[in-house]
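Below is one structure, written out as structure tokens; the observations come after it.
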Amino acid sequence: MKRKYQPEEVELKWQAVWAQSDLYRSDPDARPKFYSLEMFPYPSGRIHMGHVRNYAIGDVIARYKRMRGFNVLHPMGWDAFGLPAENAAIKEGVHPARWTHDNIAYMKKQLIRLGLSYDWSREVATCEPEYYRWNQWFFLKMFEKGLAYRKASFVNWCPSCATVLANEQVIDGRCWRCESVVVQKELEQWFLRITAYEDELLAALENLSGWPEKVRVMQKNWIGRSEGLEISFPVEGSRDEILVFTTRADTLFGAKFVCLAPKHPMAEKFFEAGNKAGREALEKIREHYGKMEEKHGLFTGHYAINPVNDERIPIYVANFVLMEYGTGAIMSVPAHDQRDFEFAQKYGLPLKTVIRLGDAKEAQALPEGAFEDDGVLVESGPFSGLSSAEARRKISEYIEAKARGRRVINYRLRDWGISRQRYWGTPIPMIYCQRCGVVPVPEKDLPVVLPEDVRFTGKGGSPLAEAEDFINVSCPSCGGRARRETDTMDTFVDSSWYYARYCSKAGGTALDKADIAYYMPVDQYVGGVEHAVLHLLYSRFFMRVIRDLGFTPISEPFERLLTQGMVCMETIRCPEHGWLYPFEVERDRCSRCGSPVERGRTEKMSKSKRNIVDPDQLIKTYGADTARLFSLFAAPPERDLEWSEKGVEGAYRFLQRIFNFVYDNLEILKAQAPAFKPGEKTQPLVRKTHQTIMRVTRDIEREYHFNTAIAAMMELVNAITAFAPSGPEDAWQLRFAVEKMLLLLAPFCPHMAQELWEALGMASDIHLERWPEYDEDAAREEQVELVVQINGKVRARVMVSPGLTDEEIKDMALSEPRIKEAIVGKDIKNVFAVKGKLVNIVAR
RNA sequence: GCGAGAGUGGCGGAACUGGCAGACGCGCUGGACUUAGGAUCCAGUGGGGAAACCUGUAGGGGUUCAAAUCCCCUCUCUCGCACCA
């Protein structure tokens, strides 16, 4: 009775064995370590194809490195705090803890079903007190070091729900629930001083050679370092001064007005409480602040003095000037800055050209816009004639010498506001005492546990703010009545150090120094580009805090980073029913109304476009090995992947062919000794096997190009199935090829490889086997094709033995009859030979 | 607008430092086995041509004995940033 490939049967069998034998558990030992990590998921309910791809990539790396003899740490956990759990509580009345734990249980089953080689003994869920107590501990340490502090800051506020909204709950400026217009409200909040590390975070990017250039550039822009000059502009008729920041000191002589941010203290001063009309006008400008729209300005009635030429220029309040960057005030040079140009146009302000391109003498027509490039200075007093770069230096020196300002470096990066007016997060371990002020929770009192018994209404403040038992405490310092902080931490705090927690099982401390020393840093991190800035930057920041707390000398958490592409699929629309799921289409028609469907463009899988594949369905139909194989075969990991049902079937067919071949030839294969005969290297199938090992190894090592590695394996399988053994004498070649092929397949399709490994009579676990070695001599072809070109066009092909000298192959090429014929009557100008495989004859 | 990346058969994608364009898979065509084929196996498959041969990697120029690959210009697409002074 012939055995049929039934993936579910095979896969469940081995998953049970692996779980039972703890096969993927890692503990420090004498071997070199390899830490393979994928971004842990938010437990949203079910995994999606993006997860499948992400974890398949990480799993191949982990399994491959394990076979290469590394002690591989490959953990998994849950980014378990977050807003959706709270939304579910509001909408469906399920407690966030319950919702989260149910989701984790389901998703964990899904991950196990994919055959991923995790060490589950290291699983963490960030919503467990055992985890978040260390968030609190890190927070206290940072507070001690001045890295955590409190200041007023704005939040999104829905006046109707009387609650704070996260950015993702604000849709087109309106509340996601009631559609009221969202306003900005100022609250006291906690910040982490990431800016203390801004220089280091920026400089170290240069050395992150294992990271994609793209991500490094994004972080660099995010940190946004710029060198410039701070200049004091005296306010006419008063002792006040306005400090501005500019990177274009060379345009200083062209400054025609000064603009203040609406919240600038001087704006406040210019429009004092008594000035009712002025106050109203100022409030109006403030409403336009931070919005990407037309520029709005308000003349203050005051003038500033340009320190280089004593020119008297008006002071405005402008909505486009940011209080958070630089000094909150700018000098405006309308001729050389587009924004200032637009502002000047609107308010009829003059402009003055002080930079010209090269030797252009004639006046350049301006109305089109500002000239923002560097050039040569004109009408700039003693600095006229200098280049922009020189002028920036000279003018800066001049300003500094006159004590009117100083050179400074500004960063776009702001401190990290971590306060969230939410329930489902880590409580910030702080207490407010009327007598002692802000008092940290003593370390011995950690964790500050999130109370379970709270109400979720979606209205009013955070549910914590109404939890009286939680709020009311006695002050740790004076023992008097005090209140707890009710804000919780941004969940990015949780994910900023989880990778370190995985390798540290110690219960009594945040991290175990010895374990960190062994496992850190992460050797390969895999995840989506969407975390290119925030998560990855916060993690780099946290690693440095951890370092400075004395846990480790390591600064960078992730040695190598792979950002995988998105999983995309064709979109399908019915003119009547809109977007359709793939299963709603039958023979190009809508299964509900029978209208012909329109096939749209390929886009990222999303529920709203319905171009999704359900991993559960996929695995049920084809099995985990096929799901993994196709995910890895259809594109290299860093590129977008186009999902294709037909392609999945192709992957399934490939596995089926292997399975059928092994079972069809089991007698022959098993009759062979597991060790192959030495000295038989010239056999074609053996050669192909060595070549395949070489290619697969090289493709994995070279940027994890699994797609070409799989293509090589497919070629080998084609060669294996085409091989007809003439008898027992050469059947050993088959045995050899199949055995190696299974070893190569093991990281990609772990169940199939193990099943057939066992079928061959092997007692060992294939995943504990060593990655096969190749022999370059055995891989070398006996004959190679020599391409002969005349003037760059292929004119003949000759089989030659490899290793001939350039002279020898040139001679062979020239003596080839077809070549002789083709060059009759022509002059041979030159002959080029390439590495024994190509000859180009130049003949005229 | 600025920054990054990418454009190769009907499709997904190969081609290490310039050296046979199209590996591998999908689809398609023909055949075999079949009551049947949407199963399996075999053969073919960039375009033109009966063939020799010509032509072809977004478009145009250039460098080179030789260009998908290097240089210049143009076009298209994707992603990121976007009043950061």
Side-chain angles (χ1 to χ4, degrees), chain A residues 212-218 220-222 224-226 228-229 244-248 251 259 261 290-295 318-322 324-333 336-340 342-343 369 372 410-414 529-530 532-533 565-566 568 570 601-604 629-630 633-636 638-651 653-654 656-657 660 695 698-699 702 705 707-718 721-722 785-795 797 829-835 837-843:
Chain A
E213 180 64 22
K214 176 181 172 163
V215 174
R216 296 191 321 201
V217 168
M218 283 166 76
K220 192 177 167 188
N221 293 341
W222 188 262
R225 179 193 145 103
S226 62
L229 184 66
V244 306
F245 172 74
T246 182
T247 55
R248 291 298 302 271
T251 64
C259 288
K291 291 186 183 155
M292 208 34 203
E293 52 176 39
E294 200 187 342
K295 293 175 174 48
N319 71 319
F320 70 95
V321 179
L322 305 172
E324 294 83 2
Y325 183 78
T327 60
I330 58 168
M331 65 173 205
S332 288
V333 185
H336 303 293
D337 182 291
Q338 187 57 29
R339 298 158 299 187
D340 297 340
E342 285 167 22
F343 192 86
E372 295 187 311
N410 257 315
Y411 293 86
R412 214 184 78 109
L413 184 70
R414 314 268 158 78
V529 241
E530 63 273 22
V533 178
M566 299 181 298
C568 302
E570 181 185 46
R601 34 185 278 163
T602 297
E603 290 182 69
K604 180 184 177 174
L629 187 68
F630 179 74
F633 175 63
E638 70 280 3
R639 290 249 288 262
D640 285 352
L641 178 149
E642 187 176 328
W643 198 263
S644 139
E645 180 77 13
K646 290 286 186 190
V648 174
E649 280 172 18
R653 264 200 299 271
F654 170 68
Q656 206 172 37
R657 279 179 66 210
N660 290 340
R695 278 177 64 188
R698 190 197 61 197
D699 289 348
R702 185 169 56 91
H705 277 198
N707 55 330
T708 50
I710 292 168
M713 286 191 272
M714 286 174 166
E715 281 189 49
L716 178 60
V717 170
N718 289 343
T721 54
E785 196 179 62
L786 176 70
V787 173
V788 185
Q789 299 178 329
I790 296 175
N791 297 332
K793 297 197 172 174
V794 181
R795 283 293 179 268
R797 296 160 193 275
K829 304 270 188 200
N830 212 340
V831 182
F832 295 85
V834 183
K835 291 176 274 178
K837 59 180 188 183
L838 180 141
V839 170
N840 188 16
I841 300 161
V842 187

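All heavy atoms count here, side chains included; hydrogens, waters and symmetry mates do not. So you know, we letter chains A, B, ... as the sequences are listed, proteins then strands, and number each from 1.
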If I pick the [atom1] atom on [M] and the same atom on [N], what distance separates them, to the nearest angstrom?
N      : M      : atom1 : result
C42(B) : C26(B) : P     : 12 Å
U29(B) : C77(B) : C1'   : 33 Å
C16(B) : A68(B) : C1'   : 15 Å
U34(B) : A15(B) : P     : 43 Å
A36(B) : G56(B) : C1'   : 43 Å
U55(B) : A67(B) : P     : 13 Å

Over all strands shown, is [X] touching base, sugar-phosphate only, or nothing at heavy-atom distances under 4.0 angstrom?
X       : answer
K604(A) : nothing
D337(A) : nothing
R702(A) : sugar-phosphate
V842(A) : sugar-phosphate
S332(A) : nothing
K829(A) : nothing
R414(A) : base
E785(A) : base
T247(A) : sugar-phosphate
V831(A) : nothing
D340(A) : nothing
G650(A) : sugar-phosphate

Original post:
Side chains of N221(A) and R412(A): is there a donor and an acceptor less than 3.5 Å apart?
Top reply: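 Absent: no donor and acceptor within the cut-off.
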Between [N] atom [atom2] and [X] atom [atom1], what is the distance in whole Å?
X       : N      : atom1 : atom2 : result
Y411(A) : C81(B) : OH    : P     : 22 Å
L641(A) : C24(B) : CG    : P     : 20 Å
K646(A) : C24(B) : NZ    : C1'   : 19 Å
D640(A) : G12(B) : CG    : P     : 12 Å
K837(A) : G18(B) : NZ    : P     : 12 Å
I841(A) : C65(B) : CD1   : P     : 16 Å
W222(A) : A82(B) : CH2   : C1'   : 12 Å
E603(A) : C79(B) : CD    : C1'   : 14 Å

Original post:
For RNA chain B, whose closest nucleotide is more 5', that of R695(A) or that of A329(A)?
Top reply: R695(A)
**OP:** With RNA chain B as reference, determine whether A712(A) or E642(A) sits nearer its 5' end, using the nearest nucleotide of each.
**Re:** E642(A)
**OP:** Taking syn as within 90° of 0 and anti otherwise, name the glycosidic form of G30(B).
**Re:**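 It is anti.
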Taking all non-hydrogen atoms of both residues, which atom of [X] and which atom of [Y] are closest, and how far apart?
X       : Y       : value
D340(A) : M331(A) : OD2-O, 3.9 Å
V333(A) : T251(A) : CG2-OG1, 3.5 Å
T708(A) : R695(A) : O-NH2, 4.5 Å
F633(A) : I710(A) : CD1-CG2, 3.5 Å
L641(A) : A635(A) : CA-CB, 4.2 Å

Does [N] have a Watson-Crick or wobble mate here (both distances under 3.5 Å), and if so which one?
N      : result
U34(B) : none
C2(B)  : G80(B)
C53(B) : G48(B)
U63(B) : none
G10(B) : C26(B)
U69(B) : none
C16(B) : none

Original post:
Between F320(A) and F343(A), does the ring centre distance come in under 6.0 Å?
Top reply: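 Under 6.0 Å, so yes.
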For the side chain of [X], starting at C-beta, report the closest nucleotide among [options].
X       : options                : answer
F633(A) : G3(B), A82(B), G25(B)  : G25(B)
A635(A) : C20(B), C83(B), G13(B) : G13(B)
K295(A) : U55(B), A85(B), C83(B) : C83(B)
I330(A) : A85(B), A23(B), G19(B) : A85(B)
V794(A) : C20(B), A23(B), G13(B) : C20(B)
N840(A) : A14(B), C81(B), G19(B) : G19(B)
Q656(A) : A82(B), C83(B), U40(B) : U40(B)
M218(A) : G3(B), C83(B), G80(B)  : G80(B)

Original post:
Side-chain contact, heavy-atom cut-off 4.5 Å: V648(A) with W643(A)?
Top reply: yes
**OP:** Would you check if E372(A) and D337(A) make a side-chain contact, meaning some heavy-atom pair closer than 4.5 Å?
**Re:** yes
Original post:
Distance from K837(A) atom NZ to L786(A) atom CG, nearest 0.5 Å?
Top reply: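 If I round to the nearest 0.5 Å, the distance is 11.0 Å.
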Taking only N and O in the side chain of [X], is any of them less than 4.0 Å away from OP1 or OP2 of [N]?
X       : N      : result
N718(A) : G25(B) : yes
R795(A) : A52(B) : no
K214(A) : G3(B)  : no
T708(A) : A23(B) : no
N221(A) : G80(B) : no
R653(A) : G27(B) : yes

